[in-house]
Amino acid sequence: MQLKSLLSEAIRDSFKELNITPKTTQVNEAAKPEFGDFQYNGVMALAKELKENPREIANRVALVLKENPLFERVEVAGPGFINLRIDKKFLEDNLLQALDSRAGVREKEDKIRVVVDYSSPNMAKQMHVGHLRSTVIGDALANLFEFLGDEVIRQNHIGDWGTQFGMLIAYFEENAKERAKELSDLERFYQAAKKRFDEDEEFATKAREYVVKLQSGDKECLRLWREFIDTTLAHTQEIYDKLGVKLGLDDVRGESFYNSDLPNLVEELEQKGVAKESEGAKCIFFEDKAPLIIQKKDGGYLYATTDLAAIKYRVQELKAKRISYVVDARQSEHFKQVFETAKRAKIVDDSIILEHIAFGMVLDKSGKPFKTREGGTIKLKDLIDEAVRRAREIIGKDRDYSDEELEHIAKVVGVGALKYADLSINRLSNYVFDWDKMLSLDGNTALYMQYAYARINSILRKAPEIESKKVIIGDELEKKLALKILSFEDILNRAYIEAMPHLITNYLYELAGLFMKFYENNPILKEGVKSEIRDSRLLLAKATANVIKKGLNILGIEVVERI
RNA sequence: GCACCCGUAGCUCAGCUGGAUAGAGCAUCCGCCUUCUAAGCGGACGGUCUCAGGUUCGAAUCCUGACGGGUGUACCA
């Protein structure tokens, strides 16, 4: 349920009764427990505008609010804060909602079709740590959008076109006897080809010729190209499956897909007067910024051109209303220019949201870009394997599992830790990679949440059938827990609007923490606990588990019943 | 040079669109298992919110300007 919206409504209604138009109806969580559960701070600013006494207005509003059965207590404090205590009965009546399959969360009313563009691996290369954040954050956001009712079209804009393929094909021709069947070969070939390209002008020219040949549809070139792509995609898919990321081959719309549209697009932009020629290149100009080049003087196209063609396709063919690019913050200028160009060219109108969901880099503990000891890029495959290996070590230490069970839990915990660590910090910050912190049981980690979930399940397994479906809020801990459980929808909505997954992890951490405290102090199955109380606490525990599971699933993280 | 992002406890990070005495985890120290998973919980210690102005009843939060760090910046993606 949308608890905060309900509170805002209550505020709005009470102002209405007083014939006052409030500046805001936004309600915040109380800063201190003594203040109650929520506080409304909007009176002060309003009073200033009306040139009236804030305390007096607050008193009048409070008087109306007191009539609302939602509140147990309404108090005016300080210069005009209105402190609100939610009635226990309200929580008791509504908590059971959180037990349903959507953990009590409704879909949005205004459902839209949204394209989420993420992951975008390079072809002819293994996925590396540089692809981690886009893949993990993008998938989590796609899940979130979907869960709230949007129709999500995942798009994997792979780099499957361009000079690197000319290089590869040229290198293959030179070394016709060697054939790459494995991606690892392909990658080695790529490096060798790159070296030749950089060092040998003749080779470079040949490589460029191959690009032209490829673009003009030469059969043999295309055949080789297809082989490279398929080999790489097979590897990519393995990584997605390991990560539990919901990208598939159907979601792939690489740069090559837009290739045939590029000449038309450039012409269109020229005709509309958006693009102009300068020094032989077709450019779009901006104030105080370098121009965006969409066609080189040699006639070649650039990734800006492809991005524009992709926007056109996504708007016109896919009918997207929101297009979210989950891409490295370093490209923010590029996207600003591309979006601006799309608007100038009227490829998109104002009703369509184009957004760059930027994120920072992955750094090591010393603050430098995260690399192997030798300075190479870290392969995503190795990163995942290492996460699972470490998880197995930690998990297996004090517990007895069958081999199968250990393997399964290690995967869930290891992969979960890897993803959660990335998702739990504000995406705009650079992210410091730390194995120990990631797999720690203390603090805001996946394992802490998974542990809380498993613990609850352990209780539920031992518990008798719940007879009375009635929640009784007995103390402040239970009340806080219930309030938190019912705030799930508020948080998801905020995370949706801001495209910020860390809001969800923060919430889950608070929820799990509150449960742990509740659990320490309020016995459930111990002797002497009356059956109504026991059942009520079981319901609270069950609702907590349900929300944790749902929240983690949205983030793309699994849970295990036993840990 | 210009643009964008970041600057909060020793370290890693929150801080809910301007509210009351700025919060977590790690690290350090101290408590709590004959009883539901101690892989847990509680407490202590730790802060000129980089600095300086401004806006106002009220600023970590908004504005301006410094300083420090990162990133980008005409034919690579």
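Below, chains carry the letters A, B, ... as their sequence lines are ordered, and counting in each starts from 1.
Looking at A/Asp434 and A/Lys365, a side-chain N of the basic residue comes within less than 4.0 Å of a carboxylate O on the acidic one, giving a salt bridge.
A/Asn83 contributes a side-chain N or O that forms a donor-acceptor pair with the base of B/A20 under 3.5 Å. If you check distances only, the side chain of A/Lys365 never reaches the base of B/C11 with a donor-acceptor pair under 3.5 Å. Taking only distance into account, the side chain of A/Gln39 meets the base of B/A20 through a donor-acceptor pair shorter than 3.5 Å. With hydrogens and angles ignored, no donor-acceptor pair under 3.5 angstrom links the side chain of A/Thr306 to the base of B/A77.
A heavy-atom distance below 4.5 Å is found between the side chains of A/Pro22 and A/Tyr40.
Shortest non-hydrogen contact noted between A/Ala124 and A/Leu186 is CA-CD2, 3.9 Å.
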Could you write out RNA chain B as dot-bracket? Rules: Watson-Crick or G-U wobble, both distances under 3.5 Å, brackets [ ] for crossings, | for pairs with another strand, dot for unpaired. (((((((..((((.....[...)))).(((((.......))))).....(((((..]....))))))))))))....
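Nucleotides B/A20 and B/C33 place their P atoms 38 Å apart, quoted to the nearest Å. Distance check on atom P: B/U61 versus B/G19 gives 11 Å, rounded to whole Å.
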Could you please spell out the steps behind the ring-ring contact (aromatic ring centres under 6.0 Å, His included) verdict for A/Tyr451 and A/Tyr448? CA-CA 5 Å; A/Tyr451 177 61; A/Tyr448 181 81; 7.6 Å; no
Please walk me through it: do A/Glu478 and A/Arg537 pass salt bridge (charged side-chain N to carboxylate O under 4.0 Å, His left out)? CA-CA 8 Å; A/Glu478 294 185 355; A/Arg537 288 178 180 168; 2.8 Å; yes
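Residue A/Tyr448 is in sugar-phosphate contact alone, with no base atom involved, counting any heavy-atom pair closer than 4.0 Å across all strands shown.
Under the ring-ring contact (aromatic ring centres under 6.0 Å, His included) criterion, the residue pairs touching residues 276-309 of chain A are A/Tyr303-A/His334, with sequence neighbours excluded.
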